[in-house]
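Here is the structure we will look at, set down as structure tokens.
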Amino acid sequence: MAIPMTLHYTEQGQGLPVVLLHGYPFNGTIWQTQQQGLSDKYRVIAPDLRGHGQSPAPEGVYDMDTMARDVLALLDSLEVEKAAIMGHSMGGYVTFALWRLAPARFAAIGLICTQASPDSDDTRKGRYKTAENVFTDGSQVVAQAMTPRLFAPNTPEDEPIVEQIRTIILNTRPSGIIGTLKGMAARPDSTDLLPEINIPVLVLTGDKDQIIPPQKAEKMATSVPSATLVTIESAGHLPMLEQPQATTLAIRNFLDEVEQSSG
Ligand code: MLT
């Protein structure tokens, strides 16, 4: 088992801690609008997961459990006992791993453009192939293949958010991309966890998500006893950037309800 690493993170505000976990191969800066927009009432923590952003990117396989242990170590170091933990896409896979390890650390869960099911054989093979290509040709392989599919169809290529994401991917080190690809390929099925989640759950999806279709999110929401499903319109796989205000508002409404119902 890998030793937890010290993650880079940003933090803003005071109140119920809210931890925002980015997807692959991004970093905590994708949550900037949400961090700002929630920080008048909440303590919003946005780490860079292992291999991403300003956190270290050692060689090796980053299984979701290892990434989750890094987040637990961050919560310990910040003396956060319980938090609303929200994961985007791969960050959602890490959230499931965290739930397996330490459900008592959750005040609520956010599952944002993510899925509980594991990779199909084809997806797994594709990830290993991409890992080989990134080893040979660098992070640009992923920037080129992934960027157009991340946004709602017809998003102009010269939109600043498209450039922002391309730059983030290009700056993600090959060792981080390769480690994460192999870790995602090895992740377990989490669908059996859904009916057991006995705390408030936000399932948020983009109506134009081309990576994880909204139907998957809808199905996931029906398997959880207490889920709030929000579909952000005119958003693809990155609603926090494509529709930042609507996404912030949806998270805020959910958190406000969590706070109210917990007295
Ligand atoms: C992500 O955004 O984290 C990835 O698209 C997830 C995946 O490749 O399964």
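Both counts, for ligands and for their atoms, begin at 1 and track the order of listing. No experiment lies behind these values; they were computed from the predicted model shown.
- In this structure a side-chain-to-backbone donor-acceptor pair under 3.5 Å is present from Arg252 to Gly37.
- Residues meeting the ring-ring contact (aromatic ring centres under 6.0 Å, His included) test with Phe106, sequence neighbours left out: Trp99.
- In this structure, the separation between CD on Gln35 and CZ on Arg43 is 11.5 Å, given to the nearest 0.5 Å.
- Listed as neighbours of ligand 1 are Gly23, Tyr24, Phe26, Ser89, Met90, Tyr93, Arg127, Met146, Met184, Ile211, His237, each bearing a heavy atom under 4.0 Å from the ligand.
- Asp122 and Ser120 form no side-chain donor-acceptor contact under 3.5 Å, judged by distance and modelled atom types alone.
- Side chain of Thr205 to backbone of Ala217: no donor-acceptor contact under 3.5 angstrom is found.
- Ser262 contributes a side-chain N or O that, together with a main-chain N or O of Val258, makes up a donor-acceptor pair within less than 3.5 Å.
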